[in-house]
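The next block holds one structure in the form of structure tokens; read it before the comments.
Just the heavy atoms: all of them, side chains too, but no hydrogens, waters or symmetry mates, feed the values below.
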Amino acid sequence: PRPSSGAPSGGGTRTARCSAARGRGVEKTRHELREEGRVIDVDLFEGPLTGLRIVEVEFPSNEDCERFSPLPRFGREITDDSRYSNYNLA
């Protein structure tokens, strides 16, 4: 994991089409949750990527990031796996 530079948006759900590559994009719905004082974004992908779910946790500091133990339901760590970048998913 690594600290997020994004600021919490206040909760909720939003749908987005991310244009990551020429004429291509990814469609996903983002659900923002709060658990244990952290903002947790859960992206549910649509279209050809239906079934893919990615969880992103925001951290206020490197120290908080290092102390974090992911919940078992989060699955495996993909932070440094370039196959899961929006560009490559598109």
Side-chain angles (χ1 to χ4, degrees):
R2 62 177 169 231
S4 172
S5 58
S9 66
T13 300
R14 57 190 181 274
T15 301
R17 183 174 192 280
C18 300
S19 297
R22 281 184 233 147
R24 300 183 312 177
V26 294
E27 294 179 38
K28 62 185 177 182
T29 299
R30 173 166 284 179
H31 299 273
E32 186 177 274
L33 312 170
R34 295 182 187 272
E35 190 167 310
E36 298 179 13
R38 292 184 178 88
V39 174
I40 301 171
D41 292 326
V42 179
D43 290 338
L44 305 176
F45 288 79
E46 300 161 11
L49 298 172
T50 295
L52 177 62
R53 296 172 297 196
I54 294 180
V55 176
E56 178 181 326
V57 181
E58 297 183 16
F59 301 99
S61 69
N62 284 329
E63 293 79 20
D64 191 44
C65 179
E66 294 299 321
R67 285 191 301 264
F68 180 70
S69 294
L71 301 171
R73 67 178 183 254
F74 284 5
R76 67 183 180 86
E77 174 66 55
I78 62 166
T79 297
D80 296 320
D81 189 335
S82 64
R83 295 176 296 174
Y84 291 98
S85 70
N86 279 335
Y87 181 84
N88 286 328
L89 289 173

Salt bridge (Lys or Arg N to Asp or Glu O under 4.0 Å) partner of Glu56, chosen from Arg38, Lys28, Arg30
Arg30
List for me each residue that meets side-chain contact (heavy atoms from CB on, under 4.5 Å) alongside Arg67, sequence neighbours excluded, and say none if there are none.
Glu63, Asp64
Asp43 side, atom CG; Glu32 side, atom CD - distance, nearest 0.5 Å:
11.0 Å
So, using salt bridge (charged side-chain N to carboxylate O under 4.0 Å, His left out) as the criterion, who are the partners of Glu35 when residues are at least two apart?
Arg73
Arg53: partners by salt bridge (charged side-chain N to carboxylate O under 4.0 Å, His left out), with sequence neighbours left out:
none
Rounded to the nearest 0.5 Å, how far does CZ of Arg83 lie from CD1 of Ile78?
9.0 Å
Could you go step by step and tell me if Glu58 and Asp41 meet the side chain to side chain contact (heavy atoms under 4.5 Å, CB included) rule?
CA-CA 8 Å; Glu58 297 183 16; Asp41 292 326; 3.5 Å; yes
Gap separating the CG atom of Asn86 from the CD1 atom of Ile54, nearest 0.5 angstrom:
7.5 Å
Tyr84 to Leu89 - nearest heavy-atom pair and separation
O-CD1, 3.6 Å
